Novice: 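Below you'll find the structure I mean.
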Amino acid sequence: MTKLVYGVDTTKEVTPKDVRDATIKCFIKAHKEVLDDMGEDGVDPKEIEKIKKMSIELQIKKTFEDVGADFDNPTKEDLLKACEKLAKFAENFRKPEIVNKHYSEIAGLIKKIK
């Protein structure tokens, strides 16, 4: 039975790029309320969604850079370092239970990387 975690099929082989992309989706989901405040009246909702995704992706790229990790070709270790830093960042905006839930989901994907 297929089990998806942020778009990653956990019944199949999981790659570092799968986890990186799942991390972006996770961060968007976890910060939805904050991102929703970015919306403006009269702006195309599709454009707002693109801006939200781009904002999160830039934050995650910066985090990879900060920990000396390669965003474009991440290793398992890169993902672990980046996710730890992202979790610490998220603690500024989210309750610990939410941060722990999302961190655990991504950590579970990282463990599946061979």
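Residues: numbered from 1 along the sequence shown. Computed from a predicted model, the values in this text were never measured in an experiment.
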Novice: Roughly how far apart are I106 CD1 and C83 SG, rounded to 0.5 Å?
Specialist: 6.0 Å
Novice: Would you say the side chain of I28 lies within less than 4.5 Å of the side chain of K53, judging by non-hydrogen atoms?
Specialist: yes
Novice: Which residues pass the side-chain contact (heavy atoms from CB on, under 4.5 Å) test with E84, not counting sequence neighbours?
Specialist: Y103
Novice: Once side chain to side chain donor-acceptor pair (under 3.5 Å) is applied, do any residues pair with K50, and if so which ones, sequence neighbours excluded?
Specialist: E47
Novice: Check whether any side-chain N or O of D18 sits under 3.5 Å from a backbone N or O of V14 as a donor-acceptor pair, and report yes or no.
Specialist: no
Novice: What I want to find out is whether E57 reaches K61 closely enough, with some N-O distance under 4.0 Å, to be called a salt bridge.
Specialist: yes
Novice: The test is side-chain contact (heavy atoms from CB on, under 4.5 Å); show your working for T23 and I60 and say whether it passes.
Specialist: CA-CA 8 Å; T23 302; I60 291 174; 4.1 Å; yes
Novice: Does P74 reach the side chain of K17, with side-chain heavy atoms less than 4.5 Å apart?
Specialist: yes
Novice: Would you call P16 and D78 a side-chain contact if the rule is heavy atoms closer than 4.5 Å?
Specialist: no
Novice: Do M54 and L58 have side chains that approach each other closer than 4.5 Å (heavy atoms only, starting at C-beta)?
Specialist: yes
Novice: Locate the shortest heavy-atom distance separating V67 from K81; write the atom from each residue and the value.
Specialist: O-NZ, 3.6 Å
Novice: So how far is it from S104 OG to K111 NZ, rounded to the nearest 0.5 Å?
Specialist: 8.0 Å
Novice: What is the ring orientation for F71 with F64, classed by angle as parallel under 30°, tilted 30 to 60°, or perpendicular over 60°?
Specialist: perpendicular
Novice: I'd like to know whether T10 forms a side-chain contact (heavy atoms from CB on, under 4.5 Å) with L4, so could you lay out the CA-CA distance, the side-chain angles of the two residues, the decisive distance to 0.1 Å, and finally the verdict.
Specialist: CA-CA 6 Å; T10 60; L4 296 178; over 6 Å; no
Novice: Between T75 and D70, is any pair of side-chain heavy atoms under 4.5 Å apart?
Specialist: no
Novice: Please report the C-alpha distance between D9 and K3 in whole Å, then the side-chain angles of each, then the deciding distance to 0.1 Å, and finally whether the side-chain contact (heavy atoms from CB on, under 4.5 Å) criterion is met.
Specialist: CA-CA 6 Å; D9 183 344; K3 180 170 184 331; 5.7 Å; no
Novice: F89 vs R94, test: side-chain contact (heavy atoms from CB on, under 4.5 Å). Steps then yes/no.
Specialist: CA-CA 9 Å; F89 172 76; R94 299 282 150 230; over 6 Å; no
Novice: Would V99 and I56 show up in the same hydrophobic cluster when neighbours are defined by side-chain heavy atoms closer than 4.5 Å?
Specialist: no
Novice: Does the side chain of T63 pick up a donor-acceptor pair with the side chain of D66 at under 3.5 Å?
Specialist: no
Novice: Say you draw a straight line from CD of Q59 to CZ of F27; how long is it, rounded to the nearest 0.5 Å?
Specialist: 6.0 Å
Novice: State, with a plain yes or no, whether a side-chain heavy atom of V19 is found less than 4.5 Å away from one of I113.
Specialist: yes
